[in-house]
Protein chains: 2
Amino acid sequence: MNSQIKNDLSNVQFVGVNDMISLVNTQGIPAFITGLIEYLEQDFMQWDGFDKSPRYAAHSPEGVIELMPTGNLDKFSFKYVNGHPKNTKRGLQTVTAFGVLSDVDSGYPLMLSEMTLLTALRTAATSAMMAKYLAPENATTMAMIGCGAQSEFQAIAFNHVIGVKTVRLYDIDPAAIAKCRDNLRSYDIEVVVCDSAEQALQGAQIITTCTADKKNATILTSEMVKDALYVNAIGGDCPGKTELEDDLLLRAKVFVEYEPQTRIEGDIQQLTPEFSVTEMHRVIKGEIQGRTAQNELIIFDGVGFAVEDYSALRYVFDLANSDGQQLELLANPQDPRNLFGITL
Amino acid sequence: MNSQIKNDLSNVQFVGVNDMISLVNTQGIPAFITGLIEYLEQDFMQWDGFDKSPRYAAHSPEGVIELMPTGNLDKFSFKYVNGHPKNTKRGLQTVTAFGVLSDVDSGYPLMLSEMTLLTALRTAATSAMMAKYLAPENATTMAMIGCGAQSEFQAIAFNHVIGVKTVRLYDIDPAAIAKCRDNLRSYDIEVVVCDSAEQALQGAQIITTCTADKKNATILTSEMVKDALYVNAIGGDCPGKTELEDDLLLRAKVFVEYEPQTRIEGDIQQLTPEFSVTEMHRVIKGEIQGRTAQNELIIFDGVGFAVEDYSALRYVFDLANSDGQQLELLANPQDPRNLFGITL
């Protein structure tokens, strides 16, 4: 019945959750992140060649469903991601994601991949990549404020890429801290459990804020930040969700992924458009320097951008290429005008 | 290793090409289309509840990749569709498509489905549904200008839903006409092969134009349309791609799916915004009448809208429910904050 379908072309590579876990564990999380940073840097170097548009967001009373497309002359990608805070009450994820990578010349999708796990990895890889350019030299201690789903990946990335030896954990929920501590046990990271954000900040050169509350919270006040010289602020990532006091931002040099999106979604949504920020692709391309003095305070106001998902999908496609599951997603009759023929 | 993944929730129903062919052939194309029209009418009746936004289009030298999202308080859907005219030269489809249906309350995707075949079926179902309200009574003959991938589905839909007995085929390529004629052999439809568009129009009360040329073509001039009272114009569906002479549009009452999109993509892109058109949901809801006189000329300027894909996905989800292939697309750790745990 389906002799007219050319299976070689109608198939799309599928990377499911278990496939992704295998891909990650084959090389281990640190090496996976290092490899991903190479892809991220390649794509940030080619920043101007990407089609950058705001994400599409469908809001409902319970949450939001977003589509994040981007692409260049070679590949196109989009990520589907939801955000539903009440999901956890019924044992579902607040955030799930999947993505598609396509060939631009033919328009054909090449790969469908889970992206819940992959997004956590790309977010950690992005944070560590930015810190390569922005963090002070010889930083060895990081405060981690918020010990949710992203926390272990951040700790491992900063340990492996930046050389952080000590991570000081704080979360409003002690169970989350214990979970993060236990998960990091097999890594060569000194983990310090703290009773307050203030305690976590003691002696830390780097602060990562990654909290989940969907509101304008003040996780870090300006006064709290005395010693640290770098804030990796990744929890404030949608309108109405911020983590940093405006005074702290005003004191610092702020770097962002893509200014038009960060003005809406990042911590700088609290500030007027006159407040100057720098897009990181300029730093990565070497157009301008990131950190210019060891003692200046720098904030990376990260919100997550579609180009990072593109890099992550491209990386996974290269890792997973040709083996693995295939989906017969595309009808492909031998005579394209005879689509009807595949039903005969 | 994956004891923490709850497979019941992390799975997404997959309807591949062969699954879709089976779903269609189980009941036959006419019954499939009739069932789909019920879903289309339900959704057009609830038109105001849909989030309607322009499609996202990524243009490249060789073609375009589009995302068409929509949704209401119950379900969200999007379709991925490409348009690459040169694909046929290397044995690929000009247009391929797939789609996703999601649950709005949780944000979780429920189903991933092929949509190349499904789009052909929903386009034919949409055309036949519109004709129920707009075509003259007792129309028995339809001219089909353009015998590409959509033609057989249109012929079958108009035969089954509207009562068209005779289809008069014309295409600039005789092989396309022969293909359409052969494919319709097992249906109770009189097929007449014609040498010109003019010949195809003879005695036809209904004209369907469905040609593929991506330019402002004049498939139908005003002068050519003498007897017909209804034009189902579905080939003019993107900027710079039209089929009807402007004078023909000016003579007729024109109905559209969603005015803002049709102004850009439909045949009415040739006219000024002052030219009045009517959105079909108003007719289907009974707010206003479609055809008010048997002898008036009516044109449906169809471009294909995301709500129709939503209806088609909803229909297929109900048909395919619970049996069939499942994709483990969504990471679903028992403790949502312990995403890291699934890698252990």
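Every heavy atom of this structure was used, including side-chain atoms; hydrogens, water molecules and symmetry mates were not. All chains are named by letter (A, B, ...) in the order of the sequence lines, taking the proteins before the strands, and each is independently numbered beginning at 1. Since the structure is predicted, the reported quantities are computational estimates derived from the model, not experimental observations.
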What are the two closest non-hydrogen atoms of Leu339(B) and Ala120(A), and how far apart are they? CD2-CB, 3.8 Å
Given side chains that start at C-beta, do those of Asp335(A) and Thr88(B) come closer than 4.5 Å, heavy atoms only? no
Heavy-atom side-chain proximity of Leu344(B) to Ser186(A) below 4.5 angstrom: no
Under a 4.5 Å cut-off applied to non-hydrogen side-chain atoms, are Ser106(A) and Gln93(B) in contact? no
Asn183(A) portion near chain B, given a 4.5 angstrom heavy-atom threshold: both
Which one of Asn72(B), Val104(B), Asp74(B), Asp51(B) satisfies the side chain to side chain contact (heavy atoms under 4.5 Å, CB included) criterion with Ser60(A)? Val104(B)
Assess the residue pair Leu112(A) and Phe98(B) against the criterion (side-chain contact (heavy atoms from CB on, under 4.5 Å)); give the C-alpha distance rounded to whole Å, side-chain angles, the decisive distance to 0.1 Å, and a yes or no. CA-CA 11 Å; Leu112(A) 169 75; Phe98(B) 67 91; 5.7 Å; no
Are the aromatic rings of Tyr108(A) and Tyr80(B) close, with centres under 6.0 Å apart? no
Could you measure the distance from the OG1 atom of Thr343(A) to the CG atom of Asn25(B)? Nearest 0.5 Å is fine. 5.5 Å
If you define the side chain from C-beta out and look only at heavy atoms, does anything of Thr96(A) sit under 4.5 Å from Asn332(B)? no
Cut-off 4.5 Å, heavy atoms of chain B, and the answer for Val81(A) is neither
Glu328(A) and Gln325(B), any side-chain heavy atoms less than 4.5 Å apart: yes
ring-ring contact (aromatic ring centres under 6.0 Å, His included) partners of Tyr170(A), counting only residues at least two apart: none
Student check: side-chain heavy atoms of Leu67(A) and Tyr56(B) closer than 4.5 Å: no
With a 6.0 Å cut-off on ring centres, are Phe340(B) and Phe153(A) close enough? yes
Whether Lys179(B) side chain and Arg337(A) backbone form a donor-acceptor pair below 3.5 Å: yes
Heaviest contributor of heavy-atom pairs below 4.5 Å to chain A, chosen from Ser151(B), Gly148(B), Gly107(B), is Gly107(B)
Minimum heavy-atom separation for Ala149(B) to Pro336(A), with atom names? CB-O, 3.9 Å
Checked Asp173(B), Leu121(B), Val15(B), Thr94(B) vs chain A; the most non-hydrogen pairs under 4.5 Å come from Asp173(B)
Working to the nearest 0.5 angstrom, can you tell me the gap between Glu152(B) CD and Asn338(A) CG? 6.0 Å
For Leu117(A), which atoms come within 4.5 Å of any heavy atom of chain B: side chain, backbone, both, or neither? both
Measuring only between side-chain heavy atoms, which start at C-beta, is Asn82(B) closer than 4.5 Å to Ser102(A)? no
Sub-3.5 Å donor-acceptor pair from the side chain of Asp105(A) to the main-chain atoms of Glu62(B), do we have one? no
What side chain to side chain donor-acceptor pair (under 3.5 Å) pairs are there with at least one residue in residues 109-121 of chain B, not counting sequence neighbours? Lys79(B)-Thr119(B)
Heavy-atom pairs under 4.5 Å with chain B: which of Ala97(A), Ala58(A), Pro69(A), Ala176(A) has the most? Pro69(A)
Under 4.5 Å between any side-chain heavy atoms of Phe14(A) and Leu329(B), yes or no? yes
